[in-house]
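Report on the structure given below.
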There are 2 protein chains.
Amino acid sequence: MSGARSGSRVRDREGVERVPEGVVTIHDVAREAGVSIATVSRALAGSATVAPATAGRVRRAAAALGYEPNRAARQLVTGRGQSVGLVIPDLENPFYSSVAKGMQNRVRAAGLTAIIADTDEDVAREREVLAQLATDVDRLILASPRAADTDLLALAARSRVVLINRSLAGVPAVTGDNADGIRQALGHLLALGHTRIGYAGGPVTSWSDAERRAGLTAAVDAAHDQGRGVTIVDLGAFRPGPAGGLAAADLAISERVSAVLAFNDQLALGLLGRLAERGVAVPEAMSVVGFDDVPVARLLAPALTTVVVPAQRMGAAAVDLLLAGTPAARPEDGPGALLRVLPVELQVRRSTAQAAGRRER
Amino acid sequence: MSGARSGSRVRDREGVERVPEGVVTIHDVAREAGVSIATVSRALAGSATVAPATAGRVRRAAAALGYEPNRAARQLVTGRGQSVGLVIPDLENPFYSSVAKGMQNRVRAAGLTAIIADTDEDVAREREVLAQLATDVDRLILASPRAADTDLLALAARSRVVLINRSLAGVPAVTGDNADGIRQALGHLLALGHTRIGYAGGPVTSWSDAERRAGLTAAVDAAHDQGRGVTIVDLGAFRPGPAGGLAAADLAISERVSAVLAFNDQLALGLLGRLAERGVAVPEAMSVVGFDDVPVARLLAPALTTVVVPAQRMGAAAVDLLLAGTPAARPEDGPGALLRVLPVELQVRRSTAQAAGRRER
DNA sequence: CTGAAAGCGCTAACAA
DNA sequence: TTGTTAGCGCTTTCAG
């Protein structure tokens, strides 16, 4: 094994010395600093067993040469990759864009790289993506995964996994406080005098939707206990894009509800658009509440009343959980042991008003 | 060098044979198929110099064992990575979300992985990101880069680079037809009788904005040649987010223009919001035209008239250009040689109407 | 505290 | 057509 192979290539065909471009290896640094490559490796890794003077010399040499360690080589020997994967249902959904942004920022701050994959809200696609990603990434963040519990568990057994908007025994996860969010939203509508309220749900496979529905049921029960009557009309399950909101709007009108709680802002956006098209004034004739608070929500006319979910923070939190010494999955712990629930808050804007019947107050 | 080291680990401490999980190497496949690792490598790479029978055996063995080649190892030896990087200014800008989505889809279809990095519309951040990315990716797609020509050229000399929304001598690029788009938009406004039109520009560092301004000037000159008078009021340069649109709206009002051409939809969104806030009816009192056609544009009330730029297709096209045998950068060719200009089309919706003075027609 | 040396899993000459 | 072998650049024992 010849120890001095690199460096020769810093001379081009004319034999002129040039700055080695991009191909500076650990050997070059070693030669420059007058030490062995092992020492360079240790010094740059911040090992305590390197004399301060030596370490300084190495660091200076590395900087002077513009040395950047080769990630492939490092990964090959350590077996641990330098990247984390993020799987999200739809990059064009602003909520996930924000999650991705927060995640990507934090990942890069940690000196790692973020690999992002989009599954188009499709289970089969998700499976493909996961299989492909699993081969070159051993740390994964899954946002709103549609996969079955067993598949997720199998994945978590091989790789470090953090879930966003889903909880599973023993797998660390980050979610928003769905039940509380829907409770706040319902409370707001009740305070405005609405008694017949539609719920435009998300996909049946959505864990978040299940949580929000459960929270809604609980909140309705609580209201009844306090002697307040409310009727929730289940408008159905919709694809969580604006298109789904169109259908939901028509249903809301024919069901004669005075307010609609939408599974997410995308749905609410579609609702607003269709309602305007059909000449139903918002909020005068119909109140609409969203969920997520995507950036455009406040720019709409009327601005959307919605539950603020800290999307970027969720992405960042997931990274933190992933990078922290997450204990191995232990199903005995049950869900919740590693669950980070972020608080959410209702943001009242222009899309909600008093129920029509109560207008005279 | 011991040729048979792996495989021993398929027995765990109790000595029970198990399916080797995730650590199947080329050696395991070679043993299973009864050939050498070199043959496995060739067979799986689809080399023609392998006997069909052997190739079949290898492929079967690989499948049976669930073999997935180690990317780090491959990259280390070939020097060529399996991933392509995408650098975009802002993931939360829906236009770039779409670009990212199109890019990511195509990249994954090609069996590669997409690394996405966000620069927050910041030159310094972009530099950082580029430096970090350059170390582990040798194929890069840069969307609307803010970096100086020289830096970009230097980068292109080391890595395969494709630009989106920027053109540079010898570097392949994909853009929308900015001049034509603005021409269509202006023509629409002229047809509606507007004669005093505001232009809400993007950042001064934006190549797209420069193109659109140039296109606007040319279109105005053409109009004058046809005896149609138009005055374009430069409202200024704004950060391309909705916040920028707020300021632009106030300026548009005080400048008494009857229509505004916005650099992009984000700006238009902010404009619409602020205009509504100030009680200026759109389109009755003020027409607004955007650029990009982000998904929400059609959902606004009023729906936004805008220039449709095929964002996803741009992302995909950039990948195609990147993966095709792109010729090395040859500045002699000048810009244009490797430039793929995608057609754009004005989509007329509700945010534009006849100029107030002409209402009586 | 430092250096020598052994590979990580794979591809690509070079032989056979 | 196939096998042998030399590394890719790096981390990490194991000796000094």
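Hydrogens, waters and symmetry mates are skipped; everything else that's a heavy atom, side chains included, is used. Chain A is the first sequence line, chain B the second, and so forth, proteins listed ahead of strands; every chain is numbered from 1.
Residue pairs meeting the side-chain hydrogen bond (donor to acceptor under 3.5 Å, both in side chains) criterion with at least one partner in residues 54-67 of chain B, sequence neighbours excluded, are absent. Here salt bridge (charged side-chain N to carboxylate O under 4.0 Å, His left out) pairs that include residues 122-134 of chain B, with residues two or more places apart or in two chains, are B:Asp120-B:Arg125.
Atom CZ in A:Arg71 sits about 18 Å away from atom C1' in D:dC8, given to the nearest Å. For B:Asn70 and D:dC8, the CG to P distance is 18 Å, given to the nearest whole Å. Rounded to a whole Å, the CG atom of A:Leu76 is 17 Å from the P atom of D:dG7. In this structure, A:Leu65 atom CG and D:dG9 atom C1' are separated by 15 Å, rounded to whole Å. Taking atom CG of A:Asp138 as the reference point, atom C1' of C:dG9 lies 16 Å away to the nearest angstrom. Distance CG (B:Leu44) to P (C:dC10): 10 Å, rounded to an integer number of Å. Computed from coordinates, the A:Asp28 CG to D:dC10 P distance equals 9 Å when rounded to whole Å.
Phosphate contact (OP1/OP2 of D:dG3, side-chain N/O of B:Thr39, threshold under 4.0 Å): present.
Five base pairs at each end of the helix from C:dC1-D:dG16 to C:dA16-D:dT1 define two local axes, and these are offset by 40° (rounded to 10°).
Listed by chain and residue number, A:Arg80, A:Val84, A:Leu112, A:Arg160, A:Leu322, A:Leu323 satisfy the side chain to side chain contact (heavy atoms under 4.5 Å, CB included) test with A:Arg139 (two or more places apart in sequence, or in another chain). The side-chain hydrogen bond (donor to acceptor under 3.5 Å, both in side chains) check on A:Glu92 picks up B:Ser98, B:Gln312, with sequence neighbours excluded. For B:Thr150, the side chain to side chain contact (heavy atoms under 4.5 Å, CB included) partners at least two apart in sequence or on another chain are B:Ala148. With sequence neighbours left out, A:Asp118 forms a side-chain hydrogen bond (donor to acceptor under 3.5 Å, both in side chains) with B:Lys101. With sequence neighbours left out, the salt bridge (Lys or Arg N to Asp or Glu O under 4.0 Å) criterion links A:Arg146 to A:Glu121. Residues satisfying the side-chain hydrogen bond (donor to acceptor under 3.5 Å, both in side chains) criterion with B:Ser36, sequence neighbours excluded, are B:Thr39. The side chain to side chain contact (heavy atoms under 4.5 Å, CB included) test applied to A:Ala316 returns A:Arg106, not counting sequence neighbours.
The stretch residues 49-64 of chain B comes close to DNA chain D through B:Thr49, B:Val50, B:Ala51, B:Thr54, each having a heavy atom under 4.0 Å from the strand.
Put simply, OG1 on B:Thr113 and CD1 on A:Ile116 are 11.5 Å apart, with the number rounded to the nearest 0.5 Å. Atoms CD1 and CZ, from A:Ile26 and A:Arg74 in turn, are 9.0 Å apart once rounded to the nearest 0.5 Å.
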What protein N or O atoms touch nucleotides 11-14 of chain C N or O atoms at under 3.5 angstrom, if any, and at what distances?
from: C:dT11; atom 1: OP1; to: B:Arg74; atom 2: NH1; distance (Å): 3.3
from: C:dT11; atom 1: OP2; to: B:Ser41; atom 2: OG; distance (Å): 2.7
from: C:dA13; atom 1: N6; to: B:Arg42; atom 2: NH2; distance (Å): 3.3

